[in-house]
Amino acid sequence: AQSVAQPEDQVNVAEGNPLTVKCTYSVSGNPYLFWYVQYPNRGLQFLLKYITGDNLVKGSYGFEAEFNKSQTSFHLKKPSALVSDSALYFCAVRADRGSTLGRLYFGRGTQLTVWP
Amino acid sequence: SAVISQKPSRDICQRGTSLTIQCQVDSQVTMMFWYRQQPGQSLTLIATANQGSEATYESGFVIDKFPISRPNLTFSTLTVSNMSPEDSSIYLCSVEGPSGNTIYFGEGSWLTVV
């Protein structure tokens, strides 16, 4: 079974400070991991993904995420937060095998607020 | 990347009516996915739509309530039937991008049932 946990409903950080949004996962087989961002009144925008290779992946808007297999984590990070980063962030996982390969399992989302 | 267009973007619907949401993709894709995001909630998969076959529904979702069409490799529709206020949600279409492995989403259809 596939599942994703985002343990924090909210993350608050001051502009210019580093930010981390946490995600842990459970998956049968090798994980394909994703981060999406949802701005108010918008759909989901793809930020980055991990499929294989380097554990540190870089994505859009200066975000990066580190895959840690032993801890089954895929935390989203950014060295210096911007007020415009304030949004809802979703971590998602898909299986690399099975009958519905494109199906994603989502965490409940983390609301990031960056204050000036 | 894949560009996904959804219509309508927003609508206010009367209780008991039905609404059909369209999803158009700028490339041919094998599978299309329909998700629901209820207010303040995460995304829940409604069904997977393959061209040329019946949609596969997730537990808790039935074809009578959410009929889906998939007439070709770039288009799908989701109908929300006999709507009630509990159906007020964002409905999102998603596909796997042409390079594989990345799942893209449309902007969503924001439905409010009154």
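Remember, it's a predicted structure, so these values are computed and weren't measured experimentally. Throughout, protein chains are lettered first and strands after them, A, B, ... in sequence-line order, and every chain is numbered starting at 1.
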Query - Neighbourhood of chain B inside residues 106-116 of chain A, taking heavy atoms under 4.5 Å as contact - result: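 Residues of residues 106-116 of chain A touching chain B at under 4.5 Å: F106(A), G107(A), R108(A).
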
Requested in this report: Sort by residue number and list every member of residues 64-92 of chain A having a non-hydrogen atom under 4.5 Å from chain B.
Outcome: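 Contacts with chain B: L88(A), F90(A).
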
Under 4.5 Å between side-chain heavy atoms, counting indirect links through other Ile/Leu/Val/Met/Phe/Trp/Tyr residues: same cluster for [X] and [Y] or not?
| X | Y | value |
| --- | --- | --- |
| Y91(B) | Y39(A) | no |
| M32(B) | F75(B) | no |
| F33(B) | F34(A) | yes |
| M31(B) | L78(B) | no |
| V62(B) | I21(B) | no |

Query raised in the report: More than 12 foreign heavy atoms under 6.0 Å from NZ of K65(B): is that the case here?
Result: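 More than 12 heavy atoms, drawn from other residues, nucleotides or ligands, come within 6.0 Å of this atom.
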
Query raised in the report: Counting only heavy atoms not in Q38(B), do more than 12 sit closer than 6.0 Å to its CD atom?
Result: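 Counting neighbours around CD of Q38(B), more than 12 heavy atoms of other residues, nucleotides or ligands fall under 6.0 Å, so yes.
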
Report task. Report the C-alpha separation of L45(B) and Y105(A) in whole Å, then their side-chain angles, then the decisive distance to 0.1 Å, and conclude whether the side-chain contact (heavy atoms from CB on, under 4.5 Å) test is met. Result -> CA-CA 8 Å; L45(B) 182 67; Y105(A) 295 82; over 6 Å; no

Requested in this report: Tell me, for L43(B) versus chain A, whether the close heavy atoms (under 4.5 Å) come from the side chain, the backbone, both or neither.
Outcome: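 For L43(B), backbone and side chain are both near chain A.
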
Query raised in the report: Checking Q6(B) against chain A: side chain, backbone, both or neither under 4.5 Å from a heavy atom?
Result: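 Interface part for Q6(B): neither.
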
Distance from [X] atom [atom1] to [Y] atom [atom2], nearest 0.5 Å?
| X | Y | atom1 | atom2 | result |
| --- | --- | --- | --- | --- |
| S94(B) | Y36(A) | OG | OH | 7.5 Å |
| I51(A) | T102(B) | CD1 | OG1 | 6.5 Å |
| E107(B) | L44(A) | CD | CG | 9.5 Å |
| W110(B) | R42(A) | CH2 | CZ | 9.5 Å |

Query raised in the report: Do F46(A) and I103(B) have side chains that get closer than 4.5 Å, going by heavy atoms?
Result: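 When only atoms from C-beta onward are counted, I103(B) and F46(A) do not touch, as no gap falls below 4.5 Å.
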
Requested in this report: Please examine the side chains of Q38(A) and I90(B), heavy atoms only from C-beta on, and report whether any two atoms are closer than 4.5 Å.
Outcome: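 Result yes, sub-4.5 Å side-chain heavy-atom pair found.
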
Requested in this report: Heavy atoms only: give me the nearest L104(A)-Y35(B) pair and the separation to one decimal.
Outcome: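 Smallest interatomic distance, heavy atoms only, reads N-OH, 2.9 Å.
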
Report task. For the pair Y104(B) (side chain) and Q45(A) (backbone), establish whether a donor and an acceptor sit closer than 3.5 Å, ignoring hydrogens and angles. Result ->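 A pair under 3.5 Å: no.
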
Query - Sidechain N-carboxylate O distance under 4.0 Å for E96(B), R103(A) - result: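 So E96(B) does not pair with R103(A) through a salt bridge.
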
